[in-house]
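Some notes on the structure that comes next.
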Amino acid sequence: MITLRQIQFALAVARHKHFKRAAEECNISQSALSLGIAEMEKNLGVIVFERNNKQVVITPIGEELLRRAQQIYLDAQQLVEHAHAGQETLHFPMAVGFIPTIAPYLLPQALPVIRHEYPDFELNIREDVSERLVSAVHNGMLDAAVIALPYDTPGLNAFEFGQERFYVVAHENNPLSKQDKITAKQLRQGTLLLLSEGHCLKDHIMEVCKFRDDISPDSFREASLNTLVQMAVNDMGVTLVPEMALPSLQNQPHIRTVALDVAAPHRRLAVITRPNYPRTAELETLMALFKTALEKTRAAA
């Protein structure tokens, strides 16, 4: 008899087409994951994955079985969620994703409040880009995710809990740092440091500033927002950060943060989840705590 854990392994391998990355997602060793897949295939009597040193290929019968397995996994998840929904608020664990331009700024303020109000609640956190978080919510690997809008989330519900504007980070020697506000046109004229494709912060900045292909910003494939800030600290250009990041910059030497002179809000913060997720009332409680944390970051800025 195959198990839900084996189904989880198989779905992870199908998503990543890679055993090592699937094992990392499932928080087990690669050998344990491979053993679980082998046992599942033995019980099914078919090969689901063909693998060699270079790639993992899903067999035709495997494609059909994995489609069915996905629904079985979601149904099992929903059964547990319905059981938890009828119990005490924020008593059972919840897996929530956060994008990298929210997690390091919101969570340090939110987690102490959550732990104080709900000491028995276990919040399992995953940090990733919006695209992968949306997929993880769809397939049941996450209960919900905190992302920035606008972002396309077909088939999911989005509940907004806050709004933000963007601020330009510039070295004190940069002429822009002397201004009260900085226009999008002025950003065009200097070295603009942006995150790479796949980070919604870059997309939001490009949209808010009405940038198209007429600028050539320096972008970095695997760099974090903190890396871009450090480059601005060293007078290598300017970057933009969301409002919630301002408190983390207060002790940075020789930099100024200046409001972007474009009508706000520049991005909207939201929790996304599946339409049939039965613990929506608990998510609303969590959102209220996030909103309180957001207000604290504003007060500290």
Side-chain angles (χ1 to χ4, degrees), residues 98-110 127-131 146-151 162-269 293-294 296-301:
F98 294 81
I99 59 174
T101 58
I102 289 179
Y105 312 116
L106 182 65
L107 288 176
Q109 294 288 346
E127 185 176 329
D128 211 333
V129 296
S130 298
E131 181 181 8
V146 179
I147 67 169
L149 303 178
Y151 192 84
Q163 299 178 339
E164 287 191 298
R165 66 178 309 123
F166 295 146
Y167 285 77
V168 179
V169 180
H171 190 275
E172 63 185 5
N173 291 336
N174 191 306
L176 293 179
S177 71
K178 310 300 191 293
Q179 301 184 189
D180 293 329
K181 289 187 177 181
I182 297 173
T183 66
K185 182 179 180 180
Q186 289 172 314
L187 287 178
R188 249 183 244 269
Q189 298 167 357
T191 300
L192 179 58
L193 309 170
L194 293 179
L195 294 169
S196 62
E197 299 297 332
H199 289 274
C200 61
L201 180 63
K202 177 182 179 180
D203 296 333
H204 292 155
I205 291 170
M206 297 289 283
E207 179 61 29
V208 164
C209 294
K210 305 302 180 186
F211 291 154
R212 293 294 182 263
D213 296 329
D214 54 342
I215 66 165
S216 299
D218 288 331
S219 61
F220 302 85
R221 182 173 176 79
E222 299 297 338
S224 66
L225 184 56
N226 184 59
T227 298
L228 301 189
V229 168
Q230 291 304 314
M231 295 181 73
V233 167
N234 287 279
D235 203 14
M236 299 174 67
V238 300
T239 192
L240 291 100
V241 298
E243 188 175 356
M244 67 170 66
L246 295 183
S248 68
L249 303 179
Q250 289 178 343
N251 295 324
Q252 292 283 1
H254 311 303
I255 66 166
R256 299 288 183 271
T257 54
V258 185
L260 179 65
D261 192 12
V262 177
H266 299 155
R267 71 173 186 175
R268 309 190 313 276
L269 309 177
L294 190 62
K296 284 189 174 183
T297 63
R298 288 199 174 112

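No experiment lies behind these values; they were computed from the predicted model shown.
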Would a 4.5 Å heavy-atom cut-off, applied to side chains only, mark [X] and [Y] as touching?
{"X": "Glu131", "Y": "Cys200", "value": "no"}
{"X": "Arg267", "Y": "Thr101", "value": "yes"}
{"X": "Tyr105", "Y": "Thr297", "value": "no"}
{"X": "Leu194", "Y": "Leu201", "value": "no"}
{"X": "Gln179", "Y": "Gln186", "value": "yes"}
{"X": "Ile205", "Y": "Lys202", "value": "no"}
{"X": "Leu225", "Y": "Val241", "value": "yes"}
{"X": "Leu246", "Y": "Gln250", "value": "no"}

Closest non-hydrogen atom pair, [X] against [Y]:
{"X": "Ala103", "Y": "Pro108", "result": "O-CD, 3.7 Å"}
{"X": "Ala293", "Y": "Leu106", "result": "CB-CD1, 3.9 Å"}
{"X": "Ala263", "Y": "His266", "result": "O-CD2, 3.3 Å"}
{"X": "Ile102", "Y": "Ala148", "result": "CD1-N, 4.3 Å"}

Next on the checklist: Please identify which of these residues, Val258, Thr191, Asn174, meets the side-chain contact (heavy atoms from CB on, under 4.5 Å) condition with Val238.
Outcome noted: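 Among the candidates, only Asn174 passes.
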Item to check | Candidate pair Leu249 and Tyr167, rule side chain to side chain contact (heavy atoms under 4.5 Å, CB included), full reasoning | outcome: CA-CA 11 Å; Leu249 303 179; Tyr167 285 77; over 6 Å; no
Look at the side chain of [X] and the backbone N and O of [Y], then say whether any donor-acceptor pair between them is shorter than 3.5 Å.
{"X": "Arg165", "Y": "Glu243", "answer": "no"}
{"X": "Thr239", "Y": "Leu193", "answer": "yes"}
{"X": "Asn234", "Y": "Met236", "answer": "no"}

Working to the nearest 0.5 Å, report the span between [atom1] of [X] and [atom2] of [Y].
{"X": "Leu149", "Y": "His204", "atom1": "CG", "atom2": "NE2", "value": "7.0 Å"}
{"X": "Leu240", "Y": "Leu228", "atom1": "CG", "atom2": "CG", "value": "10.0 Å"}
{"X": "Ile182", "Y": "Cys209", "atom1": "CD1", "atom2": "SG", "value": "10.5 Å"}
{"X": "Glu164", "Y": "Leu269", "atom1": "CD", "atom2": "CG", "value": "5.0 Å"}
{"X": "Asn173", "Y": "Arg256", "atom1": "CG", "atom2": "CZ", "value": "9.5 Å"}
{"X": "Ile255", "Y": "Asp235", "atom1": "CD1", "atom2": "CG", "value": "11.5 Å"}

Checklist entry - Can Val233 and His254 be said to form a side chain to side chain contact (heavy atoms under 4.5 Å, CB included), step by step? => result CA-CA 7 Å; Val233 167; His254 311 303; 5.8 Å; no
